[in-house]
Peer 1: 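First, the structure itself, so that you have it in front of you.
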2 protein chains.
Amino acid sequence: MAPVLTLQSTDFPRWYQEVVAKAELAENGPVRGTMVIRPYGYSIWERIQAEMDARIKACGAQNAYFPLFIPESYLRREAEHVEGFSPELAVVSHAGGRQLEEPLVVRPTSETVIGEFMAKWTQSYRDLPLLLNTWNNVVRWELRPRLFLRTTEFLWQEGHTAHATYDDARDYAHRILHEAYEDLMVNVLAIPVVVGRKTARERFAGAINTLACEAMMRDGKALQMGTSHELGQNFAKAFGIDYLSAAGQQETAWTTSWGTSTRMVGGLIMVHGDDNGLRLPPSLAPVQVVVMAIKADVVEAAHKLGADLRDAGSRVVVDDRSDVPFGRRAVDWELKGVPLRLELGSRDLAAGQVTLARRLSGGKEQVALAGIAETVLALLAREQQTMLDDARAARDARIADVATVADAVEACGQGWARLPWAAVREAGEAKLAQSAVTVRCLARTDGSVPDSDTEPDLVAYVGRSY
Amino acid sequence: MAPVLTLQSTDFPRWYQEVVAKAELAENGPVRGTMVIRPYGYSIWERIQAEMDARIKACGAQNAYFPLFIPESYLRREAEHVEGFSPELAVVSHAGGRQLEEPLVVRPTSETVIGEFMAKWTQSYRDLPLLLNTWNNVVRWELRPRLFLRTTEFLWQEGHTAHATYDDARDYAHRILHEAYEDLMVNVLAIPVVVGRKTARERFAGAINTLACEAMMRDGKALQMGTSHELGQNFAKAFGIDYLSAAGQQETAWTTSWGTSTRMVGGLIMVHGDDNGLRLPPSLAPVQVVVMAIKADVVEAAHKLGADLRDAGSRVVVDDRSDVPFGRRAVDWELKGVPLRLELGSRDLAAGQVTLARRLSGGKEQVALAGIAETVLALLAREQQTMLDDARAARDARIADVATVADAVEACGQGWARLPWAAVREAGEAKLAQSAVTVRCLARTDGSVPDSDTEPDLVAYVGRSY
């Protein structure tokens, strides 16, 4: 049988496109760069969303909603911000049958409009910290769109907070980075992200510091999976986010913003997928187990088995399409990355057993139906850990420790390079850029996140990126 | 003490505006007609969303996402549809720094773009029914905006389904109306909606039939809380949603669409709110119980009590702001419509009791701390039922049974009128319209939803509406 997909080693970008299409995750929308997220792809996003939302709420932020349309004048108030986003804006000039007096920008992000409201809501130190988050769609015109990775419209959460002090703002930006983003990525998505600080060159437009989670894809390139920004007082000054301190002084607040998007789905595909398709970590998978009735005679038993597994707490689908060839169905569930398949036939059933196929190893074995729910739950937990371990080993094997920018460029043909930040600096970044390599982030030698880029002994992770 | 709000009887629209502002539900956005939904308002919406999403999924539909931008040409393919929406469209003419070749419409609803993809995904009868739902934001330019009720941008779910037969499409449109919409509104929002069929005049642009849930506000006006449309083959023909039948014939599908929006929050406010503010049904309330520490000496005990109630399954906030005057705090929780307040003082505590204040009745009583969790849960269930009963009684008292269009107009000064549809018809609708009265829906005398507007003995509910 011909392979279902182009091999990763043959053409990784084509493999990616094919997985997205054949696993029915997403398609291009009618307007260039836009995306239709199909039900299976959306069910993955919904689970990421729910896990992220719970973590953000645990960090104390509350959800709210801010408008899609922003007056163009708002963006101009923060100079770096408007410069950063201008080339990507979509502009509404007509509405309700007439030309608008002031053109409206479709939000590329909401710092400006939220800044306006934070200024209203922040009167005294008692109103701080003000911790907001919002789930919405944003638009940034993309010239080279790729489903999930770079789309003109994407779905995301953007958090926005205001604090009384620099320290409090900094701490919160770090807290979100670790407790919401890193925790979700490592423990649910099974993606071993490197967390660190961006260089000045790579900062968000208007930030004084950008923190990021960076993941390595199976082609050795980096994907920025989430960022958390300290905005200093830039937006607070531009929008008048002031407060009366406990001492009775009028003070300017410190703000942060942080975001993760549907791009994470792209990362999930490219970190775990193999030549047979998607592989989903059990903690995230919308379907953890598929019970396949091999023929019509076991459909009833398959539903009974499915119900038992569901009662035990697994997410289960019963595939009772006994009129569709078994091989085609099995290939389809592999493509979709379902961690475990239970293939039930009448002979199995009579013998009190079922065939268990593991997506991760590809192996098959007979297991007893007695105690199957426990077997499945234990295996799901084990596969989750294995996926994280495997991804970490694969990543580490492709990080080369080098000493010079030239060697770093060389190493980035296969993966990332790690070298002393002292050997890079702004001049080195410019040189790396000539080979389309960027500093993904700066970290301390113990892996922790530095407080500034002038700390001694920092290491730079560099690589090509999406 | 001066009343916190304008009385409903003095000026209902002003009362509404004030509740929305003072309970911190929402504010006007910077662009006319847009809305900022504040955290407390959004927490109400999130709970409505979760309840609705579960019901929609129980009806078999899957969530997906479709793009914000729709090529203008798509809208033109269905003649009535484009005519209905043209005056309300927002149009993007520039993006990415250049003029677009074809202007893009910001979706006012997604029938057209979803129709395009249904056509791709529907090949054979095996692909049907195709049951999709999507949560998103849509834009319809509003000349007379009102927070939650009519906003230029609003949040909603829109369901879109394709079926092999007329019957199957009709049944599904009715199923959503009853099992998702009516059930949520009655059993969670405690709003006794009238369900029925729209007249041809009031139908959705492009539908062959529109079903609706109509609620009566406390000023006697009607609010359309949700609609479910049979689209016949109009969109299927315009977008080529065909399928190969089991018999091997190429057939045209039948489609439906259905939606509910943030407008439901407006309905919730206007059905239940009173002169002291919002009143939220316990099943929906983001905060069901607030435990108020009267002074600093009971803060710890208040948190302990809060934790106990939470463990028992209530949604609880502990108000430990002992430095804010008690009266101000109590008024604020009343404004926000929290069903139960437990006011804890040191003397209460010593006596093993707490003061229970009920938002619904306004009454206060001493209750024992022993068994308090059970007391609270039982009371929440009772208040939920009371709110529904009260709303139904209030509605029924304001529905006048009349015989003629002239009497109906007269009665609509106070509430709704109910009269034989045979006494209205198209000519009567035109006459009602002169007094800004519309037929809200048609129902059978037993309250069930008619299959056509030519059935004998139908009754028309008529009223003024938002």
Side-chain angles (χ1 to χ4, degrees), chain A residues 24 26-27 29-31 33-43 45-46 62-71 74 86-97 100 102-104 106 113-114 116-117 120-121 126 132 134 136-137 139-143 151-153 155 262 321 324, chain B residues 24 26-27 29-31 33-43 45-46 62-71 74 86-97 100 102-104 106 113-114 116-117 120-121 126 132 134 136-137 139-143 151-153 155 262 321 324:
Chain A
E24 300 186 342
E27 296 188 14
V31 173
T34 63
M35 169 168 62
V36 171
I37 308 180
R38 301 187 66 174
Y40 190 59
Y42 200 83
S43 70
W45 173 240
E46 273 183 317
Q62 292 183 293
N63 286 341
Y65 189 77
F66 295 87
L68 174 69
F69 295 142
I70 302 178
Y74 276 38
S86 277
E88 303 176 359
L89 299 177
V91 181
V92 175
S93 52
H94 283 75
L100 297 171
E102 182 183 0
L104 305 177
V106 181
V113 61
I114 293 181
E116 178 82 2
F117 284 87
K120 287 179 73 171
W121 299 337
R126 290 174 197 267
L132 300 173
T134 181
N136 64 26
N137 53 341
V139 170
R140 301 176 185 178
W141 216 255
E142 275 296 344
L143 299 177
T151 49
T152 286
E153 179 192 6
L155 305 183
T262 34
R321 296 170 297 165
V324 178
Chain B
E24 301 186 340
E27 296 189 15
V31 174
T34 64
M35 168 168 63
V36 170
I37 308 179
R38 300 188 67 174
Y40 190 60
Y42 199 82
S43 70
W45 173 240
E46 273 184 315
Q62 293 182 292
N63 286 341
Y65 189 77
F66 295 87
L68 174 70
F69 295 142
I70 301 179
Y74 276 38
S86 278
E88 303 177 0
L89 300 178
V91 181
V92 175
S93 52
H94 283 75
L100 297 171
E102 182 182 1
L104 305 178
V106 181
V113 61
I114 293 181
E116 179 81 2
F117 284 87
K120 287 179 73 170
W121 299 337
R126 289 173 197 268
L132 300 173
T134 182
N136 63 28
N137 54 341
V139 170
R140 300 176 186 178
W141 216 254
E142 275 296 343
L143 299 177
T151 49
T152 286
E153 179 191 6
L155 305 183
T262 33
R321 297 171 295 166
V324 178

Peer 1: Can you say whether the rings of B:W141 and A:F69 are parallel (under 30°), tilted (30 to 60°) or perpendicular (over 60°)?
Peer 2: tilted
Peer 1: At a 4.5 Å cut-off on heavy atoms, which part of B:E153 comes close to chain A: side chain, backbone, both, or neither?
Peer 2: side chain
Peer 1: With a 4.5 angstrom heavy-atom cut-off, is it the side chain or the backbone of B:L68 that approaches chain A, or both, or neither?
Peer 2: both
Peer 1: Out of A:S93, A:G97, A:S43, A:G29, return the one with the most heavy atom pairs under 4.5 angstrom to chain B.
Peer 2: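 Of A:S93, A:G97, A:S43, A:G29, A:S93 has the most heavy-atom pairs under 4.5 Å with chain B.
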Peer 1: Regarding A:N136 and B:N137, is there a side-chain donor-to-acceptor distance under 3.5 Å anywhere?
Peer 2: no
Peer 1: In terms of heavy-atom pairs under 4.5 Å with chain B, which of A:A90, A:G41, A:P67 leads?
Peer 2: A:P67
Peer 1: Need one label for B:E27: side chain, backbone, both or neither, based on atoms under 4.5 Å from any heavy atom in chain A.
Peer 2: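 Contact with chain A: side chain only.
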Peer 1: Rounded to the nearest 0.5 Å, what separation is found between the OG1 atom of A:T152 and the CG atom of B:L104?
Peer 2: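 That separation rounds to 10.0 Å.
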Peer 1: Taking side chain as everything from C-beta outward and backbone as N, CA, C, O, which of these in B:Y74 sits under 4.5 Å from a heavy atom of chain A? Side chain, backbone, both or neither.
Peer 2: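 Contact with chain A is through the side chain of B:Y74 alone.
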Peer 1: Measure A:P71 against the heavy atoms of chain B and call it side chain, backbone, both or neither at under 4.5 Å.
Peer 2: both
Peer 1: Counting only non-hydrogen atoms closer than 4.5 Å, does A:R321 touch chain B with its backbone (N, CA, C, O), its side chain (CB onward), both, or neither?
Peer 2: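 For A:R321, no heavy atom lies under 4.5 Å from chain B.
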Peer 1: Please classify the contact of B:L155 with chain A as side chain, backbone, both or neither, using a heavy-atom distance under 4.5 Å.
Peer 2: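 It is the side chain, since no backbone atom gets that close.
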Peer 1: Please flag which part of B:F117 lies under 4.5 Å from any non-hydrogen atom of chain A: side chain, backbone, both or neither.
Peer 2: side chain
Peer 1: Hey, which of A:Q62, A:E88, A:R38 has the most heavy atom pairs under 4.5 Å with chain B?
Peer 2: A:R38
Peer 1: To the nearest 0.5 Å, what is the distance between CE (A:M35) and OH (B:Y65)?
Peer 2: 9.0 Å
Peer 1: Can you tell me which portion of A:E46 sits under 4.5 Å from chain B's heavy atoms? Options are side chain, backbone, both or neither.
Peer 2: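 The answer is the side chain of A:E46.
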Peer 1: Heavy atoms only, distances under 4.5 angstrom: which of A:I114, A:V139, A:T134, A:L100 has the most pairs with chain B? Name it, please.
Peer 2: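 Among A:I114, A:V139, A:T134, A:L100, the one with the most close pairs to chain B is A:V139.
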